[in-house]
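Step one of this worksheet: look at the structure below.
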Number of protein chains: 2
Amino acid sequence: MRSSSSSPTYTTPEKTKAEAAFVQLIEGLTNIGLTTAVRNGDKDSLLVFTRLASNDLLAQQVYSSRLQDWLQGVRISGPGSDVSQAIRDEPVTEAERLRLVYLLITKSRNEGGAGITQGQGQWKYVEAIFPLHNNAFNKEWLHKWSKKYILDQSDLDDIRDKFGENVAFYFAFLKDYFRFQIIPAVVGFSAWMLMGQFSTFYAICSCLWSVVFFEYWKRKEVDLAITWGVRGVSKIQHQRPEFQWDFETEDLVTGEPVKVYPPTKRLQTQLLQIPFALACVVVLGGLVATVNSLEIFINEVYGGPGKQYLGFLPSILLAVLTPTFSTILMATAKALTDKENYDTMDAHHAALVQKQFVLNFMTSYMALTFTAFVYIPFGNILHPFLNFWSKTAQTITMSEVPLETRQFEANPQRIANQMYYTTVTAQIINTLTEVVVPYIKHKASVKAKELSSKDTAKTNDQPEEAEFLKRVRNQSGLEVYDVTADYREMVMQYGYLSLFSVSWPLTACFFLLNNWVELRSDALKIVIGCRRPIPWRADSIGPWLRALGFLSWLGSVTSAAIVYLCSGDKKEGSASYITAGGVLLSILLAEHLYFAAQLAVRFVMGRVESPGLQRERKERFQMRKKLLEETVGHAASEKATVAAPGVEKTEQITRQTLEEEARQASIHGHGSPEEL
Amino acid sequence: MRSSSSSPTYTTPEKTKAEAAFVQLIEGLTNIGLTTAVRNGDKDSLLVFTRLASNDLLAQQVYSSRLQDWLQGVRISGPGSDVSQAIRDEPVTEAERLRLVYLLITKSRNEGGAGITQGQGQWKYVEAIFPLHNNAFNKEWLHKWSKKYILDQSDLDDIRDKFGENVAFYFAFLKDYFRFQIIPAVVGFSAWMLMGQFSTFYAICSCLWSVVFFEYWKRKEVDLAITWGVRGVSKIQHQRPEFQWDFETEDLVTGEPVKVYPPTKRLQTQLLQIPFALACVVVLGGLVATVNSLEIFINEVYGGPGKQYLGFLPSILLAVLTPTFSTILMATAKALTDKENYDTMDAHHAALVQKQFVLNFMTSYMALTFTAFVYIPFGNILHPFLNFWSKTAQTITMSEVPLETRQFEANPQRIANQMYYTTVTAQIINTLTEVVVPYIKHKASVKAKELSSKDTAKTNDQPEEAEFLKRVRNQSGLEVYDVTADYREMVMQYGYLSLFSVSWPLTACFFLLNNWVELRSDALKIVIGCRRPIPWRADSIGPWLRALGFLSWLGSVTSAAIVYLCSGDKKEGSASYITAGGVLLSILLAEHLYFAAQLAVRFVMGRVESPGLQRERKERFQMRKKLLEETVGHAASEKATVAAPGVEKTEQITRQTLEEEARQASIHGHGSPEEL
């Protein structure tokens, strides 16, 4: 039914403990109805395969999970009273089965699970719990996608059936984002050919495009969630095991006990996000400003000795210091989020993503912001910086004569070069590090392991199992797939497009190419680079939606400002034509164009009912109709006879009856017919 | 049970026709189960009293209406199968009863009603169909409110039970608006004492206040709708009888036939709203600019003869021309809305309200806008206007010597005077025209009728009915209560507060006083000045919500601009310190303060679950739980036994079973247990 491999490692002094834990593990799994089989893993670990003992047990699990969904409002119509009928009506997908078995293994004992949590407490020898890859499907998947130019809904449905909605939503987003990118790619290419950099036309198109895409995706997301039957799933919260509560109270709705951590206390910790964001700005912004001015000095002003070598200095500084600072800040973000002590996984995840977003925002966009808003329009104000570097260079070289320098002149081409680097060079490097490097690393480590444990393990495998076990050992050595990292990459890319593409309109063309590859390389990464992910459910792209909205809005502002600040004739001497009023006016206009377009798009889209919503409405209507027929059928049929009750005309209405009724009704509050 | 009075008028040549129509009327009413009684009305009309013949019939109507609500998703739990039990569980209110009987009378025949529509086609002799006032309740209501300083929920519930949710929502809005106004009143009074006009502090407070109030009301509205069990009622659409469709199609959800008018065709008509809005701006804006400059000329520049009489000229012009232009534009708005051919009452109403809002916006705020954005900051640009008037005056008086004029100097006090006029004088006049004038008019016309028809009618009344019939005749002569007009008044008042109160911070104090009276005078208006309204349902204040949001947002912009433009030392010569950058910066800052505050308030309010939503969630949960117990009780109990199924440890998992399963599952699509 299902195979999961958990591999406890043994270290000699703890052998007895580990043996006891192993027995507990097998007993625990057996108690909840899982059969187990044990094989040797790599070197000091064991592979424990497990599957549900019977189909009935699976059916029960599926049924009770669906029942829970219905109670929580995720499903519109409840499953019928017949378990096997319910499962025949809506077959169980691989993802559903794997998720339920994973939950069964990890759920606490009083919830009916085995309570096995990897690496924690009594289960510290459990290295990992994960489902095995479905090789046949994976091969077919890669084969199909390598031949297809455009993906369709059935491809997404396949991913959903095998890897769950959480992963499927990422691919759905990427697919639609890719398709939408054709528009800015075409417009950008035309604008580049006809108008060059900083064209108002492209800025307006880009702003409108981001509005349409964002609004489209918001609807599409809901639609997909309905199609996959997971709408509202995000409301079902999984308690965080690390959550610490101050007191317990009763849920006013369900009457179940609820653990509470006062929101005001949490707010105090949340306020630390402000100094955190400031620290990000100061540290990473300062780094970028320093390194950029140094680079400008070396490349465009400095004319002294060793220029060809010094040219690498800024890149080296950036390459060394950015990851260092990022790592420190990332660790701070994690610690901060832990301290905020969220009660649910989703809230914790969203808070962490928010901080990561701030961090990534700084590292990704700082250099471009510096070029677009300082270097090009106000090159002059760099003079003190450049003088500082000049003097430093003089001190270092201990030269008495001033260094040979050229007159500094801002070069608008610089931003195009930077954009080229981010869209082409960086994306290629990224694809390589994402797929190729881990693959090579993994292959190498497998080879190394094989060489070291050649004699011990090989002998135990039965010949017919050998190949399979090799594959499983392979998978156990792979990384855990993290969909958040993939989302981050795409959202950051969207930011480049929205915020800065006006300075280099070809951006979207290269992103389009990149994303065609990205769709396939991400598939490849899951299949060959990672363990099969736990097929969690999701009903949206989660906290990234807000980040997209933020970037769309900010894009309207930055594009307008860039067009105003950077276009215009640079020869006349820098920034002479720039007025504060002009900047503010262009920002104000762009922002209101954005809001107006948003209103218009929402209005138009609101007119058309999406297929998903229509389906939901239909389902809801039919469920009610069915219930109506079942429980109150006779009353509905009676209704028809009401029309002509044949009352005698002669009945008298006197003033008394009329007034008395009104009086009575008002005295007794409600005019219930029984009271009259 | 219920009394409704419909009064066909007779004119002699049509006597036979009218008699036939009367017979049809009585038959129609009788056929649907209503008993009737006929009395003489005023002069040429008859009063037809009608009531439901039996309690059972009422119960049936209530039950089927509630069933419909449940089918449409307005009610969470359907009524049980037992009619009388359902009605015992939730007693029928007066409003529900009156609404259902009204619907029964007016619904078309194939929907089970009598199809009687007042004044149309075969029913052209039916002057009005309306419920009678509940005198006892009305008296008590007025008595209670005249003694109470602060209203509470039970007062609103009373209104809802007697006059329906549509009216109750107006009073609920007014009550909360009144309570919230205490804040700007206090802040405004302090700002006025300490900082005078145009204080930044007051502008910020006012902006934040409007955000909080708007967000609060949006939540409160939902809460009230849940409390009154009408949430989603606005989705149940009543077809407009005047709607003309192009073709019929089938509703994809319910399968019922739907009449369609292509939205693209409607859009073409809707685009006419743009020239309409422009016409409003040009006509009313031109009028205001002309009259204002004339007024300024006469009061502040002109020094010639007849100044004391000429002072009235602008007011007279405005008083004559504004209503004239408004009436023409209003007629255009109505014609335009009719031409847009909406399929539902609500869409039609919303479209009409939108146009009325544009019109009212112009008439209400144009003069103040002129003073705040032209007269005070840029008094200079009025010189050509003033010269024009000066020359005109010279021409008219045919004088050879230039007129005696003084030097013109902008006076910031002018806007305070205008605000004083709108908040105090206009509101007092308004209250008088709303309540006192119609009352006197009505009393006078009643007296006149009594005098003219003294002999004919008096004799027919039986002594014990005389007083009652007099009251009914009274009511039939009253106006129809229009809640839209009351909403309009309040929304326009909110606009004064939001847009211009920074120029005269005492505004809110006077509005506070006014609204205390308004709450009571509106109650009085319904009771003595109008026929009892049909108790329609509603789940919000409808299209006015959007108007409120628009005014709040615009208020942040205008307040900032007014503070920047009008504060500062006027002595130095006008407008010298004003830069475009400054205006734009203050607008930009204010607008972003507004949006940031909106996000913050939504975030904070989103944390707290409103009592109504909690109640709904609870109801939904319990409904599901009940259903669960009824239909699938045994499965739920089985669930408990799943935990320990006692599976043998010995079952073997081989590589084949594991792999084969995965393969099978992927081949057959879904890994349903039946297939294995």
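Below, all heavy atoms of this structure are taken into account, side chains as well, without hydrogens, waters or symmetry copies. Letters go in sequence order (proteins before strands), and every chain restarts at 1.
Proximity to chain B (any heavy atom under 4.5 Å) is shown, for A:W141, by neither the backbone nor the side chain. For B:E96, no part sits under 4.5 Å from any heavy atom of chain A, backbone or side chain.
In this structure, the salt bridge (charged side-chain N to carboxylate O under 4.0 Å, His left out) partners of B:R617, at least two apart in sequence or on a different chain, are B:E609. Take B:D157 and apply the side chain to side chain donor-acceptor pair (under 3.5 Å) test, not counting sequence neighbours, and it matches B:Q153, B:W228.
Atom CG of A:L588 is separated from atom CG of B:L585 by 10.0 Å, given to the nearest 0.5 angstrom. If you take CZ on A:F595 and CZ on B:F595, they are separated by 4.0 Å, rounding to the nearest 0.5 Å. Within the model, atoms OG1 of B:T264 and CZ of A:R607 stand 12.5 Å from one another, a figure rounded to the nearest 0.5 Å.
Contacts with chain A were tallied for B:R615, B:E619, B:E591, B:Q622; B:E591 has the most, counting heavy-atom pairs under 4.5 Å.
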